[in-house]
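Please read the structure below before turning to the comments.
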Amino acid sequence: MEPPTLVISTVLSAMAYNHPPEKLSVYVSDDGGSEFTFYALLEASRFSKHWIPFCKKFDIEPRAPEAYFSLQYSSLQDSKFAQEWLAIKILIAGRDTSVVDNDGNRLPTLVYMSREKRPKWPHNFKAGAVNALIRVSSEITNAPFILNLDCDMYSNNADTIQEMLCFFMDEKKGDEFAFVQFPQYYNNLTKNDIYANRCLVTAEVIHPGLGGYSAALYCGTGCFHRRDSLCGRKYFRGDRVQWNIESEKNAERTTGDLEESSKVLASCSYEKGTQWGKEVILYLPL
Ligand SMILES: O=c1ccn([C@@H]2O[C@H](COP(=O)(O)OP(=O)(O)O[C@H]3O[C@H](CO)[C@@H](O)[C@H](O)[C@H]3O)[C@@H](O)[C@H]2O)c(=O)[nH]1
Ligand SMILES: [Mn+2]
């Protein structure tokens with residue numbers, strides 16, 4: 001199990017992006033479902049109402065609380081034990097205009113998903129989690145772009161979403177891009193990085209070079225994909241992308257109804273015998 005505090009730091013850094021919250025959703029996949037992770041996320045959803053306005057007011061960076069507070073003193077609070085366990089829980093429904101932070105501003109959607117894992121069912125590691133997240137998010141919010149982050153990562157630039165959109169919205173080439181990927185940087189390197197953990201050659205030579213030939217490799221993380229490209233859309237030259245700006249299909253449905261209908265999408269058996277299992281299933285590199 002990954003430490004829950006790492007996970008919520010990742011989540012909070014993504015929730016604090018400078019981007020209209022009603023267009024931003026954060027999904028967490030928790031293999032097998034751990035009460036600790038769920039409870040940590042529940043606390044994080046409450047904390048986000050203080051954290052996000054704080055970040056925006058003081059323009060702080062980085063917006064992962066753990067990274068930020070590692071520079072400063074912070075006191076731990078006792079946590080209550082979670083009362084219930086649920087497979088899918090919409091902790092913050094961003095479309096609900098009455099859900100606001102302490103400054104009265106709307107918040108991004110936050111969804112907890114505990115993906116089912118059972119012995120004898122291949123869970124496909126991260127790829128299995130990403131498959132389940134794509135399915136569940138398409139049921140609930142269905143945004144056209146998807147960023148995935150490992151649980152031990154955080155975003156170090158609050159304007160990343162605008163930067164990514166500049167590529168996808170480029171009038172000449174934007175429609176040709178399936179994904180926009182950012183390099184990874186690491187904490188805790190040794191002083192002279194004698195083991196070359198910085199991976200400079202990969203980040204600054206190989207990937208930009210391949211990108212120049214439109215042949216960039218997807219590294220498995222820190223990458224914004226078009227939902228369409230992950231779901232098997234075939235590109236042909238001159239194709240114009242139809243942006244699914246805001247899905248209206250769920251306007252009438254309650255949060256409870258969305259949670260209930262998306263549970264089956266996170267089950268370990270969903271891919272067996274379905275069109276998704278036959279045609280879509282992704283096996284990520286690395
Ligand atoms: O059964 C699993 C295994 C992994 N994960 C998630 O996937 C992430 C990456 O998996 P991990 O086993 O930690 O891979 P690493 O070897 O640490 O990471 C390398 O491989 C990953 C998978 O391709 C890439 O995302 C990373 O960039 C690359 O550094 C984890 O942090 C989890 O968030 C799951 O949800 N379920
Ligand atoms: Mn890892």
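Heavy atoms only: backbone and side chains are in, while hydrogens, waters and symmetry mates are out. Given the structure is predicted, the values throughout are model-derived calculations rather than measurements.
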Can you tell me how far [atom2] of [Y] sits from [atom1] of [X], rounded to the nearest 0.5 angstrom?
X	Y	atom1	atom2	answer
Phe38	Ser114	CZ	OG	9.0 Å
Glu116	His123	CD	NE2	12.5 Å
Leu107	Leu91	CG	CG	12.0 Å
Asp159	Leu165	CG	CG	11.5 Å
Met113	Lys263	CE	NZ	13.5 Å
Thr141	Lys23	OG1	NZ	14.0 Å

Stepwise side chain to side chain contact (heavy atoms under 4.5 Å, CB included) test for Ile52 and Met15
CA-CA 7 Å; Ile52 295 172; Met15 287 179 76; 3.9 Å; yes
Test item: [X] side-chain N/O and [Y] main-chain N/O as donor-acceptor pair under 3.5 Å:
X	Y	answer
Asp150	Met153	no
Arg226	Phe177	yes
Asn197	Leu189	no
Glu259	Ile90	yes
Gln162	Asn18	yes
Arg106	Ser98	no
Ser34	Phe36	yes
Ser13	Ala64	no
Lys126	Gly220	yes
Thr109	Gly94	yes

Stepwise, does the side chain to side chain contact (heavy atoms under 4.5 Å, CB included) test hold for Ser25 with Tyr27?
CA-CA 7 Å; Ser25 307; Tyr27 289 79; 3.6 Å; yes
Any non-hydrogen side-chain atom of [X] less than 4.5 Å from a side-chain atom of [Y]?
X	Y	result
Pro108	Ile92	no
Pro65	Phe47	yes
Glu260	Ile88	no
Glu22	Thr97	no
Lys173	Phe167	no
Val111	Val28	no
Cys268	Tyr270	no
Cys199	Tyr186	yes

Could you see if [X] belongs to whatever hydrophobic cluster contains [Y]? Use Ile, Leu, Val, Met, Phe, Trp, Tyr and a side-chain cutoff under 4.5 Å.
X	Y	answer
Val100	Val26	no
Tyr185	Phe182	no
Val180	Leu210	no
Leu6	Tyr39	no
Phe58	Leu12	yes

Can [X] and [Y] be counted as having a side-chain donor-acceptor contact under 3.5 angstrom?
X	Y	value
Glu139	Ser261	yes
Lys56	Asn105	no
Asn102	His50	yes
Ser137	Arg227	yes

Around atom OH of Tyr213, are there more than 12 heavy atoms of other residues, nucleotides or ligands at under 6.0 Å?
no
Over all atoms of both residues, closest heavy-atom pair of [X] and [Y]:
X	Y	result
Cys55	Ala16	SG-CB, 4.2 Å
Tyr17	Ala158	CD2-O, 3.5 Å
Glu163	Asn157	OE2-ND2, 4.0 Å
Cys219	His207	SG-NE2, 3.1 Å
Tyr154	Pro62	CE1-CB, 3.6 Å
Ser9	Glu66	OG-N, 2.8 Å

What residues form a side-chain contact (heavy atoms from CB on, under 4.5 Å) with Ile8, not counting sequence neighbours?
Ala40, Leu41, Ala44
Taking the six-membered ring of Trp51 (Phe, Tyr or Trp), confirm whether the NZ or CZ of Arg63 is under 6.0 Å from its centre and within 45° of its axis.
no
Could you tell me if the ring centre of Phe179 sits under 6.0 Å from that of Phe224?
no
Report the C-alpha separation of Thr255 and Arg95 in whole Å, then their side-chain angles, then the decisive distance to 0.1 Å, and conclude whether the side chain to side chain contact (heavy atoms under 4.5 Å, CB included) test is met.
CA-CA 10 Å; Thr255 300; Arg95 65 181 184 171; 4.1 Å; yes
Does the pair Lys49/Asp101 count as a salt bridge with the N-to-O cut at 4.0 Å?
no
Partner of Gln275 under side-chain contact (heavy atoms from CB on, under 4.5 Å), chosen from Glu271, Lys278, Glu279:
Glu279
Evaluate the side chain to side chain contact (heavy atoms under 4.5 Å, CB included) criterion for residues Tyr218 and Gln181: first the C-alpha distance (whole Å), next the side-chain angles of each, then the deciding distance (0.1 Å), finally the verdict.
CA-CA 7 Å; Tyr218 166 52; Gln181 183 168 239; 3.5 Å; yes
